[in-house]
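Just below is one structure, and these are the notes that go with it.
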Amino acid sequence: MFKNTLLCGALVLGLSACQTANTTQTETIALEGSWQVEQIQGRPTIDNSPAQITFAAEGQLHGNNSCNNFFGQYSQQGQELKLMPAGSTMKACIEALMQQEQQFMQAMPLVTKAQFTHGKLSLLDSNNQAVLVLTQLK
C-alpha cells in the first residue's frame, strides 16, 4: 500500500512539473522600448553600429538597420513573435554597414519566437536558433 501511495505521489509531482514548464513558455515578454542589436545570425554587429529596433505600442516597429531607418509592424502572442518590416530609407553608407544592413533585413522575417535570458532578448527562428540578439536601451 505504501509503495502505491509513493508511486502515485511521484506521478502527480512529475505531471505538475510538466504543467509548470508549459505555463512558463506562454508568458508574454515585454518588448516595448528600444533595443540595440548586438548580433545578427550569430555574428556580432560592427562596433558602434547604429542598428536598433524599437517595439512601439499597437504593433508598430521601427529602427535603424545599420545604415538606414526602417519601419513596419510586429505581432506577439506569448513568446511567439513575427516581425514584418515594410520599408526603409535608401541612403548609401560604407560597404561594411550596407552588408550588415542587408543581413539585418533578411533576418527579421525569420523571427518566430522571443526569449529573454541573462539580460538579452534573443529573437529565434523556427529551429530555435538566435537570429537577432538585442540589449534594451535605457
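This chain uses plain numbering: 1 for the first residue, then up along the sequence. All values below were derived from every heavy atom in this structure, side-chain atoms included, with hydrogens, water molecules and symmetry-related copies excluded.
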query = Would Gln41 and Leu110 count as a side-chain contact (heavy atoms from CB on, under 4.5 Å) if you check the C-alpha gap in whole Å, the side-chain angles of each, and the deciding distance to 0.1 Å?
reply = CA-CA 10 Å; Gln41 295 184 337; Leu110 301 175; 3.2 Å; yes
ask   = So how far is it from Asn69 CG to Gln52 CD, rounded to the nearest 0.5 Å?
value =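 The CD atom of Gln52 is 9.0 Å from CG of Asn69, to the nearest 0.5 Å.
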query = Roughly how far, to the nearest 0.5 Å, is the CD atom of Gln77 from the NZ atom of Lys82?
reply =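 Between atom NZ of Lys82 and atom CD of Gln77 there are 12.5 Å.
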ask   = Tell me, do Glu101 and Cys93 make a side-chain contact under 4.5 Å, heavy atoms counted?
value =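 Sidechains of Cys93 and Glu101: no contact.
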query = Got Leu121 and Leu31 here, is their nearest side-chain heavy-atom distance under 4.5 Å?
reply =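 They are in contact (side-chain heavy atoms under 4.5 Å apart), so the answer is yes.
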Using modelled atom types and a 3.5 Å cut-off, is there a donor and acceptor pairing between side-chain atoms of [X] and backbone atoms of [Y]?
X: Tyr74; Y: Ala56; result: yes
X: Thr135; Y: Gln36; result: no
X: Glu38; Y: Thr45; result: no
X: Gln76; Y: Ile29; result: yes
X: Asn68; Y: Lys91; result: yes

May I ask whether [X] and [Y] are part of the same hydrophobic cluster, defined by side-chain heavy atoms of I, L, V, M, F, W, Y residues being less than 4.5 angstrom apart, directly or through others?
X: Met108; Y: Leu124; value: no
X: Val133; Y: Ile46; value: no
X: Leu97; Y: Val37; value: no

What heavy-atom pair brings [X] and [Y] nearest, and what distance separates the two atoms?
X: Thr112; Y: Ser126; value: OG1-N, 3.4 Å
X: Trp35; Y: Ala30; value: CZ2-O, 3.9 Å
X: Asn65; Y: Phe104; value: CB-CD2, 3.3 Å
X: Cys67; Y: Asn64; value: N-OD1, 3.5 Å
X: Met105; Y: Pro109; value: O-CD, 3.1 Å
X: Glu32; Y: Gln136; value: O-NE2, 3.5 Å

Donor-acceptor side-chain pairing of [X] and [Y] below 3.5 angstrom:
X: Gln99; Y: Glu95; answer: yes
X: Ser66; Y: Gln100; answer: yes
X: Gln79; Y: Thr28; answer: no
X: Ser122; Y: Gln115; answer: no

message = Let's go through Leu81 and Leu123 carefully: what are the C-alpha distance in whole Å and the side-chain angles of both, what is the deciding distance for side-chain contact (heavy atoms from CB on, under 4.5 Å) to 0.1 Å, and is it a yes or a no?
response = CA-CA 8 Å; Leu81 178 65; Leu123 304 184; 3.6 Å; yes
request  = Go through Leu61 and Phe71 one step at a time and tell me if the side-chain contact (heavy atoms from CB on, under 4.5 Å) criterion holds.
outcome  = CA-CA 6 Å; Leu61 179 71; Phe71 59 92; over 6 Å; no
request  = Go through the steps for Lys113 and Glu80 under the test side-chain contact (heavy atoms from CB on, under 4.5 Å), then give the verdict.
outcome  = CA-CA 4 Å; Lys113 184 163 68 168; Glu80 291 180 21; 5.8 Å; no
